[in-house]
Amino acid sequence: MSMQKLFKPPLLAVLALVGVLWWVDAPAWAQDAAEVQTSANIVWTMASAALVFFMQAGFAMVETGFTRSKNAANIMMKNLMDFCIGLCAYWFIGFGLMFGTFNGLFGGSWFAFSFTTAYEADAWPFTFFVFQSVFAATAATIVSGAMAERTKFVSYLIYSLVISGLIYPISGGWAWNYLFGGYNGNTSGWLGDMGFIDYAGSGVVHLVGGASALAGALVLGPRIGKYSSTGEPRAIPGHNLPMGMLGVFILGVGWIGFNAGSTTAAIADIGWLAMNTLMAASAGALGAMFTSWSIFKKPDMTFVGNGFLAGLVSITAACWSVGPVGALIIGSIGGILVVISVLFIETVLKIDDPVGASSVHGTCGIWGVLSSGIPWFANSNQEFGWEQMVPQLIGAAVYFVWPFVTCLILFFILKATIGLRVTADEEIAGLDMGEHGNVAYPDFVGIPSAQESEA
Amino acid sequence: MSMQKLFKPPLLAVLALVGVLWWVDAPAWAQDAAEVQTSANIVWTMASAALVFFMQAGFAMVETGFTRSKNAANIMMKNLMDFCIGLCAYWFIGFGLMFGTFNGLFGGSWFAFSFTTAYEADAWPFTFFVFQSVFAATAATIVSGAMAERTKFVSYLIYSLVISGLIYPISGGWAWNYLFGGYNGNTSGWLGDMGFIDYAGSGVVHLVGGASALAGALVLGPRIGKYSSTGEPRAIPGHNLPMGMLGVFILGVGWIGFNAGSTTAAIADIGWLAMNTLMAASAGALGAMFTSWSIFKKPDMTFVGNGFLAGLVSITAACWSVGPVGALIIGSIGGILVVISVLFIETVLKIDDPVGASSVHGTCGIWGVLSSGIPWFANSNQEFGWEQMVPQLIGAAVYFVWPFVTCLILFFILKATIGLRVTADEEIAGLDMGEHGNVAYPDFVGIPSAQESEA
Amino acid sequence: MSMQKLFKPPLLAVLALVGVLWWVDAPAWAQDAAEVQTSANIVWTMASAALVFFMQAGFAMVETGFTRSKNAANIMMKNLMDFCIGLCAYWFIGFGLMFGTFNGLFGGSWFAFSFTTAYEADAWPFTFFVFQSVFAATAATIVSGAMAERTKFVSYLIYSLVISGLIYPISGGWAWNYLFGGYNGNTSGWLGDMGFIDYAGSGVVHLVGGASALAGALVLGPRIGKYSSTGEPRAIPGHNLPMGMLGVFILGVGWIGFNAGSTTAAIADIGWLAMNTLMAASAGALGAMFTSWSIFKKPDMTFVGNGFLAGLVSITAACWSVGPVGALIIGSIGGILVVISVLFIETVLKIDDPVGASSVHGTCGIWGVLSSGIPWFANSNQEFGWEQMVPQLIGAAVYFVWPFVTCLILFFILKATIGLRVTADEEIAGLDMGEHGNVAYPDFVGIPSAQESEA
């Protein structure tokens with residue numbers, strides 16, 4: 001490939017040929033590379049979507065394993081159905097509200113889209129839709145854990161529909177509407193316009209889920225036997241801790257898709273995002289382990305599992321804008337916070353959240369949004385100062401207040417109409433039998449729970 | 001990079017240099033983009049193959065969770081071994097029968113292929129083989145569920161070998177032989193030549209598995225205690241419903257690879273395929289939920305789980321040629337059908353299929369093949385009319401009759417020689433102990449099943 | 001696009017334009033294809049990293065399922081924490097020791113790296129780090145199984161830190177330092193320089209884990225009740241065999257990332273690697289099945305599960321350099337070896353390794369390293385002869401002796417200081433309660449194990 005080759009053929013002929021080849025073919029080649037990049041983007045986004053869909057199984061395992069055996073089939077079924085209903089609602093209306101052409105408050109196009117709308121021109125919207133729909137399902141399924149072991153199944157179906165179809169997408173568009181780029185005419189939501197940082201959704205997804213969860217647990221009231229007559233909380237242990245911990249591992253796998261997949265593109269940032277994500281998760285587990293160790297004198301498995309998730313939730317907003325040291329700090333504080341928050345909500349607020357969903361996703365969601373604005377944690381490529389805390393504080397407030405208030409209204413309406421909670425008899429006997437006619441473990445001899453006999 | 005740069009260097013020298021660079025390097029670049037596309041194809045196909053392999057775990061969880069604890073180790077082991085034996089058989093003979101140069105009835109090359117055959121020229125066949133081999137394993141493992149809790153382990157190994165090595169690949173080639181393109185000299189099977197639509201295998205894979213499952217359950221006869229002396233079916237509940245439901249989630253994750261991976265290429269269709277797949281699965285779960293709710297007055301978890309799978313099986317043939325509305329309709333009908341089919345096979349045909357495999361994969365497999373030919377459901381890019389029903393009807397018949405008849409013969413031969421079923425004593429005590437000397441849950445106190453004491 | 005286009009515009013203007021376009025844009029295009037290949041490399045490496053991270057869940061399921069219910073929470077927690085601690089240690093020091101600029105014994109750069117070090121120039125190191133860190137976690141977690149049911153939790157945390165941060169990375173660099181290429185100035189470890197073949201780590205990862213496991217089980221001594229007063233081993237059955245088998249499936253899925261992901265590039269070899277990997281795993285399960293069948297007269301599920309893993313460990317070194325026939329032979333010998341090794345270690349050496357980790361990863365790790373040097377098994381593209389056995393024998397010795405000796409020292413120091421083993425009372429009551437205050441399955445009636453009452 002030396003310079004000498006230049007003079008081998010007659011120069012002019014070469015130049016002429018070059019001119020032709022160039023003009024005719026080169027643009028096609030140039031397009032090729034861009035097209036292949038698009039292919040790679042689709043591959044990465046869909047592989048990530050598969051991982052995020054797998055998080056549904058993770059949430060199901062965590063919630064089922066950390067609650068009682070008499071409600072196991074009910075919780076598994078709720079976790080499947082919130083996805084099924086949520087996907088249909090998100091396709092029919094939610095995606096359009098979130099990513100359609102923004103009208104100041106929400107999007108107004110791309111409802112119930114189908115082949116004719118877009119396929120011929122460009123298939124990217126479908127990949128993007130699948131990725132976004134599994135995010136919507138995540139927000140909805142978080143609520144399930146806080147309302148476990150006492151919620152009517154039919155009411156669960158209805159509020160899953162409303163959260164996936166309306167509450168999550170409307171506020172989601174405020175920050176993320178711009179992500180759909182030219183497909184909605186390059187509109188953008190008002191929070192996104194403010195420079196709000198929430199890379200993969202500490203606020204947009206997790207805080208929305210956590211605040212909704214808190215509203216649900218508040219309206220429902222505690223499970224029978226959770227508090228003594230003097231108001232002391234009693235432990236209601238989960239029936240299958242290894243199952244719950246399997247869920248934690250699955251969520252860790254899925255979160256690689258959640259955070260590193262939020263590039264929705266095959267780009268170099270993927271490694272950076274995954275590194276920060278796993279560092280923060282590890283720090284969260286360590287933070288929760290040492291915190292629970294010092295409080296209870298022993299490192300409790302369920303707190304450590306929740307600490308791992310707390311680290312993940314905490315880093316989700318800042319996973320791009322921090323570096324590994326920042327990720328370690330943010331994650332470990334998240335792990336400490338989750339233990340304190342669980343105890344605070346249980347003993348001070350006296351709200352019964354069986355799996356700590358409002359702490360893991362709510363408290364750590366707020367921390368994730370706020371910590372993204374602290375310049376100390378940011379990597380050297382970021383140029384923001386403390387003024388970044390303004391959009392972060394607004395965002396934290398918005399993603400707490402909007403779902404909390406709308407869900408309070410929603411749950412009160414459900415309570416006043418078809419009812420939100422099963423009867424006391426059904427709750428004591430278990431929702432598996434009462435709601436579904438199922439027995440989760442018919443081959444094993446069970447132990448009647450102490451809470452039930454006292455109740 | 002402005003136009004002014006043009007005049008900075010002496011023009012002629014530039015042109016000369018361009019000529020050289022072009023001539024020397026440009027063709028290499030052109031090839032680059034195509035090569036990178038091939039890289040992306042391999043990445044997507046292998047990531048999908050990993051997801052489809054994961055379906056083996058999903059099937060194992062569904063089958064084990066929805067049957068009794070005394071057979072749990074046996075079922076897990078069967079699900080592992082059918083993959084292990086199936087892969088060897090598929091490599092040795094099956095792949096060649098399915099994708100080798102077609103001779104009118106089956107393929108006749110690419111048996112037991114290895115490095116020397118193809119690697120030097122092109123490595124694509126190996127990626128393609130891995131993807132196809134996990135499909136073959138899927139077909140074989142479906143049968144396991146219908147024949148659960150009473151089949152001799154050694155007979156199971158033998159029929160897995162025959163299904164993966166002969167029955168599945170021969171009929172598979174009729175529709176899919178052409179997918180191997182130039183590697184078999186661009187031959188094609190007779191069903192493929194007819195324009196038969198079965199994008200990812202409602203017929204080729206699932207109906208073949210479901211029809212084989214029906215034949216197996218028929219030849220074996222019902223489990224002891226399944227039918228009363230007057231012929232009334234009795235419920236034999238699964239021992240671990242959350243485990244079964246985890247299997248349903250895992251199958252959902254894997255099916256993204258099954259359907260969207262069937263592009264075997266990193267192309268825009270991936271998003272479209274995944275969207276339709278998840279929409280149909282969700283509709284299937286909803287369809288089964290409302291159907292079981294209206295029949296039993298409560299939404300049964302096992303039916304809903306099977307409904308999700310029914311939606312997946314139903315859309316597998318049409319996942320490319322429909323749009324989301326079509327997917328919702330096809331999936332919801334699949335979910336309704338699976339409940340009716342389970343009840344029909346159990347109460348009318350009096351065939352004991354413990355996990356409903358013949359309904360999920362057989363009945364919905366037929367529905368998937370037929371619904372692909374209904375023009376109403378097709379997306380706007382399709383141009384077929386009702387005449388498409390001809391190849392679809394032929395395909396549905398072929399993929400029911402071929403495996404059903406060959407498996408009947410196979411199972412009768414096994415029954416007449418080494419025996420297909422364990423002894424009544426072993427069946428009552430459980431296959432874990434009888435076949436393997438294992439106890440699945442030695443640390444827990446079990447409940448002897450009512451069926452056994454009555455038997 | 002015909003030649004005639006050449007003459008449509010004035011030739012000279014074309015040539016001039018070509019010159020400009022070329023000079024300005026063409027290098028950018030040329031870079032495009034290479035950049036897209038880099039994107040695809042990142043996608044594949046990160047997808048593989050997610051699969052390998054998922055192996056943590058697989059190991060957790062195998063170890064927990066194949067041990068007793070009273071230690072289930074402890075084992076799940078250990079498997080999570082060794083990743084969390086290991087990742088931090090590997091980021092802080094381990095990665096630099098393994099992949100930093102090699103100084104004759106270990107690497108000496110890239111410690112605690114962050115954004116400023118590399119991101120601006122090139123983000124590949126972060127993807128590579130994530131992939132390598134999940135490998136480090138694999139090595140550490142293997143040890144957990146052999147030391148299950150009696151190790152102090154705090155000692156476990158400390159030795160996980162040392163293995164992930166020092167022992168594994170130092171010896172790992174000897175073979176794999178060169179994989180980091182230009183990022184460490186193209187240095188290389190001494191074993192790598194000898195032409196040692198260990199594609200994905202039969203020796204570097206699995207033998208290191210297996211030898212450490214053996215050292216740990218040796219120093220700890222057997223569980224109470226494992227050996228009778230006359231020294232006869234007694235079976236201590238695992239409490240949840242389906243859970244253990246789910247772990248085997250998950251490890252199979254993850255191993256596609258482990259072996260085929262070790263390309264750390266989107267290249268054609270991926271299919272080849274995955275094919276060999278799955279063939280060897282299948283052969284391993286078959287080998288162990290027939291071996292256990294002939295010894296115990298029944299095919300034991302736990303041996304078959306371990307046989308599948310044995311096949312995977314055995315092929316990990318040679319997965320690139322063999323062909324499918326070689327993979328079948330290597331895997332099936334691995335499956336036979338694992339049964340013999342488990343019995344030998346248990347009955348002859350009288351070392352109590354509850355899940356057979358030292359056999360699966362140690363014995364088969366040695367076999368994997370040695371079999372890679374046997375020319376008979378190599379594919380037709382390899383050109384080595386029996387002289388290849390020299391580096392393979394050295395490698396097998398090194399990757400056994402280094403971790404075994406360093407871990408012996410480590411475990412003796414721990415034993416002499418904070419203690420390595422829990423009290424006999426705690427061991428009998430279970431580590432869940434003693435170490436963590438958790439009950440893994442509080443809703444089910446348990447069976448006190450025979451071993452405990454005899455002890």
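The sequence lines fix the lettering, A, B, ..., with proteins before strands; numbering per chain opens at 1. Just so you know, these numbers come straight off a predicted model, no measurement behind them.
For A:Leu273, no part lies near chain C; criterion is any non-hydrogen pair under 4.5 Å. At a 4.5 Å heavy-atom cutoff, the contact between C:Ala60 and chain A is made by side-chain atoms alone. Within the 4.5 angstrom heavy-atom criterion, no atom of C:Ile75 approaches chain A. Contacts between C:Val43 and chain A at a heavy-atom distance below 4.5 Å involve backbone atoms as well as side-chain atoms. Neither the backbone nor the side chain of C:Met55 has a heavy atom closer than 4.5 Å to any heavy atom of chain A. Interface remark: C:Phe153 contributes side-chain atoms only to the contact with chain A (heavy atom separation under 4.5 Å). Of the two parts of C:Asn79, the backbone and the side chain both hold a non-hydrogen atom closer than 4.5 Å to a non-hydrogen atom of chain A.
In this structure, OG on C:Ser133 lies 6.5 Å from CG on A:Leu278, to the nearest 0.5 angstrom. Atom-to-atom distance recorded for C:Tyr90:OH and A:Met279:CE is 12.5 Å, nearest 0.5 angstrom. Here the straight-line distance linking atom CG of A:Leu241 with atom OH of C:Tyr441 works out to 8.5 Å at 0.5 Å rounding. Here the straight-line distance linking atom CG of A:Asp269 with atom CD1 of C:Ile42 works out to 8.5 Å at 0.5 Å rounding. To the nearest 0.5 Å, atom CG of residue C:Asp32 and atom CD of residue A:Glu35 are 12.0 Å apart.
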Which is it for A:Ile447 and C:Asp443 under the side chain to side chain contact (heavy atoms under 4.5 Å, CB included) test, yes or no, and what are the steps along the way?
CA-CA 5 Å; A:Ile447 299 173; C:Asp443 288 11; 5.6 Å; no
Would you sort out whether A:Ile270 and C:Met46 count as a side chain to side chain contact (heavy atoms under 4.5 Å, CB included), showing the intermediate values?
CA-CA 8 Å; A:Ile270 289 169; C:Met46 188 54 67; 3.5 Å; yes
Take C:Leu80 and A:Phe308 through the test side chain to side chain contact (heavy atoms under 4.5 Å, CB included) and record every step on the way to the result.
CA-CA 9 Å; C:Leu80 183 70; A:Phe308 191 82; 3.9 Å; yes
Evaluation steps, side chain to side chain contact (heavy atoms under 4.5 Å, CB included), between A:Met243 and C:Met243:
CA-CA 9 Å; A:Met243 180 194 279; C:Met243 179 193 280; over 6 Å; no
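Contact count against chain C (heavy-atom pairs under 4.5 Å) is highest for A:Val304 among A:Asn276, A:Val325, A:Val304. Highest contact tally toward chain C, considering only A:Asp300, A:Leu328, A:Ile256, is held by A:Asp300 [criterion: heavy-atom pairs under 4.5 Å]. When each of A:Leu286, A:Val248, A:Asn41 is scored by its heavy-atom pairs under 4.5 Å with chain C, the top score falls to A:Leu286. Ranked by non-hydrogen atom pairs under 4.5 Å with chain C, the options A:Gly244, A:Ala265, A:Pro242, A:Gly446 are led by A:Pro242. Listed options A:Phe303, A:Phe444, A:Trp293, A:Phe296 were ranked by heavy-atom pairs under 4.5 angstrom with chain C; first place goes to A:Trp293.
Side-chain atoms of A:Lys298 never come within 3.5 Å of backbone atoms of C:Asn438 as a donor-acceptor pair (strictly under, hydrogens ignored). Within the 3.5 Å criterion, the main-chain N or O of A:Ala266 finds a donor-acceptor partner in the side chain of C:Ser39.
Residue A:Trp44 comes nearest to C:Ala47 through the heavy atom pair CZ3-N, 4.1 Å, listed as atom of the first residue, atom of the second, then distance. Taking each heavy atom of C:Phe126 and A:Gly271 in turn, the nearest pair found is CB-C, 3.7 Å. Here the closest non-hydrogen pair linking A:Ala268 and C:Ala123 is CB-CB, 3.3 Å. Of all heavy-atom pairs spanning A:Val253 and C:Ala50, the tightest one is CG1-O, 4.0 Å. Summarising the geometry of C:Leu157 relative to A:Met289, their closest heavy-atom pair is CD1-CE, 3.4 Å, with the distance given to 0.1 Å.
Contact annotation: the side chain of A:Pro237 never approaches that of C:Val439 to less than 4.5 Å [non-hydrogen atoms, C-beta and beyond]. Contact of the A:Pro299 side chain with the C:Glu435 side chain is not registered, since no non-hydrogen atoms from C-beta on lie closer than 4.5 Å. For the pair C:Phe54 and A:Ile250, the minimum side-chain heavy-atom distance is below 4.5 Å.
Classification of the A:Phe249-C:Phe53 ring pair by plane angle, with boundaries at 30° and 60°, yields tilted.
At most 12 heavy atoms of other shown residues, nucleotides or ligands fall within 6.0 angstrom of atom CZ in C:Phe92.
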